[in-house]
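Quick caveat: nothing in here was measured; it's all calculated off a predicted structure. Whatever order the structure lists them in is the order used to number ligands and atoms, beginning at 1. Position 1 is the first residue of the sequence, and the numbers go up from there.
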Amino acid sequence: EAKSSGGNNVTWFRKDMLLSYNERLSMRTRIQQGMNSQEFSVHYQPIVGTQSNVISGFEALARWPQEDGSFIPPGVFIPIAEQTGQIVELTEQILARVSDDIPKLAQIGQEEKTYVSVNISPLCFTRGIVMDLLKEVHAQAQESNVVLQIEVTESLFLDDKTSAKDTLEALRALGIQVAIDDFGIGYSSLSLLYKLPVDVIKIDRAFISDLTPGTDAFKVADAAISLALNLNKKVVVEGVETEAQLAFCREKQCHAMQGYYFYRPKALAELMNLQHR
Ligand code: C2E
Ligand code: MG
Ligand code: MG
Ligand code: MG
C-alpha cells in the first residue's frame with residue numbers, strides 16, 4: 001500500500017512495471033540475497049467479524065523492508081518470485097514466521113477461535129515440501145486453538161484442475177481452511193463456484209469500490225455475494241475503507257470484513273500494542 005511503501009524504490013518499480021531482462025535478473029539476485037539474510041518479514045492484517053465486530057482472524061502479508069526504511073511492495077517482488085520459482089522458498093520462510101507468531105496471534109484474536117490466513121501461489125502446490133510444511137504449521141496452530149487458512153487464486157483451477165483440487169481436498173480433510181482470494185477479478189465462472197473445494201470466498205475490493213445502488217457494479221457485487229452465501233461459503237469482503245462499505249457488508253450478512261477502515265497490515269509487535277484499545 002502506498003503509505004507504508006514510500007521511497008525511491010517504489011517509484012522506480014512502478015515506472016518500470018515491465019522490467020527488462022537485466023532488471024529481472026538483478027531482482028532475482030536481490031530476492032535470493034534477501035532470503036539468504038532473512039530480510040523478508042510478515043505483517044498481519046486483522047479481519048473483523050461482521051456480527052461480532054471484533055477481530056476474528058488475520059491475513060499474513062509478506063513485507064520486504066529496505067535499509068532506508070521503505071518497503072518493496074509484494075505486488076513487485078511476488079510476481080518475480082513466482083516467475084523465477086523463488087516463491088517456493090519464500091513461502092517456506094513466510095510459513096516459518098507465521099508458525100512462530102501463531103500463539104501471539106491467538107491472544108490478539110477476539111473471537112473464540114482465531115484463524116490465520118496465508119497466501120499460497122499455484123507453484124507451491126506442485127512442490128510437496130510446501131504441503132508438508134502446511135501440515136506442520138496446521139498441527140502447531142491446533143495447539144493454540146488457531147485455524148490455519150490458505151488463500152489461493154482462481155488461476156490455480158485453470159490448468160491442472162484435478163490435482164489442485166485433490167490437494168486442496170486433502171488439506172481440508174486435515175482441517176486446513178481454503179479461501180479463494182480476489183474473487184471476481186479472475187477467470188472462473190460464477191456457475192462453477194459450487195464445484196470448487198473451498199470454504200471461504202474473499203470478494204475482491206474492486207467489487208465494492210463503487211457501491212452506488214442501481215449501478216451494474218453494485219448489482220454484480222450484490223449477486224456474487226448472495227450466490228456465495230447461498231452455496232454456504234463464508235464470505236469475506238476485502239478493501240472495506242468506508243462506513244458505506246461496512247453498512248453494505250452488514251446488510252448482505254457477509255461473515256467478515258478486511259480493510260483500512262478497521263486495520264492496516266501491521267507488524268506483530270504493533271498489533272500487540274493495539275490489543276486493549
Ligand atoms: P491479497 O492477498 O489480496 O492481499 C490483500 C491486499 O490488499 C494487501 O496488499 C492489503 O494490504 C491490501 N488491502 C487491505 N485492505 C485494504 C483497503 O482497505 N484498501 C486498499 N487499497 N488495500 C487494502 P499487499 O500487502 O500489498 O499485498 C498485495 C498482494 O501480494 C496480496 O494481495 C497477495 O496477492 C500478494 N502477497 C502478499 N504476501 C504474499 C505471500 O506471502 N505469498 C504470496 N503468494 N502472495 C502474497
Ligand atoms: Mg490474500
Ligand atoms: Mg485478497
Ligand atoms: Mg487482492
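Heavy-atom proximity to atom 35 (C) of ligand 1, evaluated over V42, I47, I78, I120, is greatest for I78. Nearest-heavy-atom check against atom 33 (C) of ligand 1 across T153, I94, N119 picks out N119.
A donor-acceptor pair is defined here as one N or O able to donate and one able to accept, closer than 3.5 Å; no such pair exists between the side chain of E143 and the backbone of Q140.
At least one N/O/S atom of N119, from backbone or side chain, sits under 2.8 Å from the Mg ion (ligand 2).
Distances from the Mg ion (ligand 2) to each N, O or S atom of D181 single out OD2 as the nearest. Closest to the Mg ion (ligand 2) among the N, O or S atoms of E59 is OE2. Among the heteroatoms counted here (N, O or S) of E151, OE1 is the one nearest to the Mg ion (ligand 2).
At a cut-off of 3.5 Å, with distance as the only test, no side-chain donor of E59 or S117 sits close to an acceptor on the other residue.
The distance from ligand 1 to the heavy atoms of G259 drops below 4.0 Å at these ligand atoms: 15 (N), 18 (O). In summary, the atoms of ligand 1 found under 4.0 Å from a heavy atom of Q45, numbered by their order in the structure, are 10 (C), 14 (C), 15 (N). The contact set between ligand 1 and E241, taken as ligand atoms under 4.0 Å from a residue heavy atom, comprises 17 (C), 18 (O), 19 (N), 20 (C), 21 (N). Taking every heavy atom of G239 and a limit of under 4.0 angstrom, the matching atoms of ligand 1 come to 16 (C), 17 (C), 18 (O).
Residues that satisfy the ring pair (Phe, Tyr, Trp, His ring centres under 6.0 Å) test with F248, not counting sequence neighbours, are F218.
Other members of the cluster containing V200 are I47, Y115, V147, V236, with ILVMFWY side chains joined at under 4.5 Å, either directly or via other members.
When ring centroids are compared, F77 and F40 come within the 6.0 Å threshold.
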*ring pair (Phe, Tyr, Trp, His ring centres under 6.0 Å) evaluation trace for H43 with F71*: CA-CA 12 Å; H43 280 188; F71 288 90; 5.5 Å; yes
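Contact check on R172 versus D199 returns a salt bridge, with a Lys/Arg side-chain nitrogen under 4.0 Å from an Asp/Glu carboxylate oxygen.
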